[in-house]
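Before we start, here is the structure in question, set down as structure tokens.
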Amino acid sequence: MNTEAFDSTNLKQFDEPANLLKALSHPIRLCIVRGLMRKKKCNVSYMQECLDLPQSTVSQHLQKLRSAGIVTTERNGLEVNYVLADQRIEQMIPILFGEEIVNHE
């Protein structure tokens, strides 16, 4: 039996992609990421209004996305905006939703 397709000699290589998928595996986080793809940058207040959720809930989801390296922040004075930090996400999300991938370069 040929087992080359399932190489378990270095399972560590799967940790980072698995963590990325775990961070995306919530409807609110998927919605946030998709919204950031469309809007490019956004603050928590705007997301809170759009999602109709408490600010603390949105912040918790953003923290999970930040921990996974999916989003990062840009500060402009007192305003903190969130932006996508991982380009792989811009390829993954449209596939999940059956949308065309838009190249922003």
Only residue of Met47, Glu90, Lys41 satisfying side-chain contact (heavy atoms from CB on, under 4.5 Å) with Leu36 is Met47
If hydrophobic clusters are built from ILVMFWY residues whose side chains come within less than 4.5 Å, do Val58 and Val83 share one?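 No.
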- [ ] With sequence neighbours excluded, tell me which residues meet salt bridge (charged side-chain N to carboxylate O under 4.0 Å, His left out) with Asp15.
- [x]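 Per chain and number, Asp15 pairs via salt bridge (charged side-chain N to carboxylate O under 4.0 Å, His left out) with Lys12.
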- Which pairs count as ring-ring contact (aromatic ring centres under 6.0 Å, His included) when at least one residue sits in residues 28-55, sequence neighbours excluded?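 Every pair satisfying ring-ring contact (aromatic ring centres under 6.0 Å, His included) with a residue in residues 28-55: there are none.
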Apart from Leu11 itself, members of its ILVMFWY cluster (side-chain separation under 4.5 Å) are Phe14
Heavy atoms of Pro94 and Gln91 approach each other most closely as CD-O, 3.6 Å
For a quick test of your reading: what N or O donor-acceptor pairs under 3.5 Å do the side chains of residues 73-82 make, sequence neighbours left out?
from  : atom 1 : to    : atom 2 : distance (Å)
Glu79 : OE1    : Asn81 : ND2    : 3.4
Glu79 : OE2    : Asn43 : ND2    : 3.0
Asn81 : OD1    : Asn43 : N      : 3.2

Does Glu49 have any salt bridge (charged side-chain N to carboxylate O under 4.0 Å, His left out) partners at least two apart in sequence or in another chain, and if so, which?
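With sequence neighbours excluded, Glu49 shows a salt bridge (charged side-chain N to carboxylate O under 4.0 Å, His left out) to no residue whatsoever.
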- Quick one: CG on Leu84 to CD1 on Ile32, what's the gap to the nearest 0.5 Å?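 Atom-to-atom, Leu84:CG and Ile32:CD1 are 11.0 Å apart.
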From the list Ile89, Asp86, Leu96, side-chain contact (heavy atoms from CB on, under 4.5 Å) with Val33 holds only for Ile89
Here the side chain to side chain donor-acceptor pair (under 3.5 Å) pairs for residues 62-71, sequence neighbours left out, are Gln63-Ser67
Margin query: So, using side chain to side chain donor-acceptor pair (under 3.5 Å) as the criterion, who are the partners of Glu16 when residues are at least two apart?
Written below: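 With neighbours one apart ignored, the set is Arg88.
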Donor-acceptor pairs under 3.5 angstrom involving side-chain atoms of residues 22-31: please list them, not counting sequence neighbours.
from  : atom 1 : to    : atom 2 : distance (Å)
Ser25 : OG     : Lys22 : O      : 2.6
His26 : ND1    : Ile28 : N      : 3.1
Arg29 : NE     : Ala23 : O      : 2.6
Arg29 : NH1    : His61 : ND1    : 3.0

I need the minimum non-hydrogen distance between Leu20 and Ala68, along with the two atoms involved.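 Closest heavy-atom pair between Leu20 and Ala68: CD1-O, 4.3 Å.
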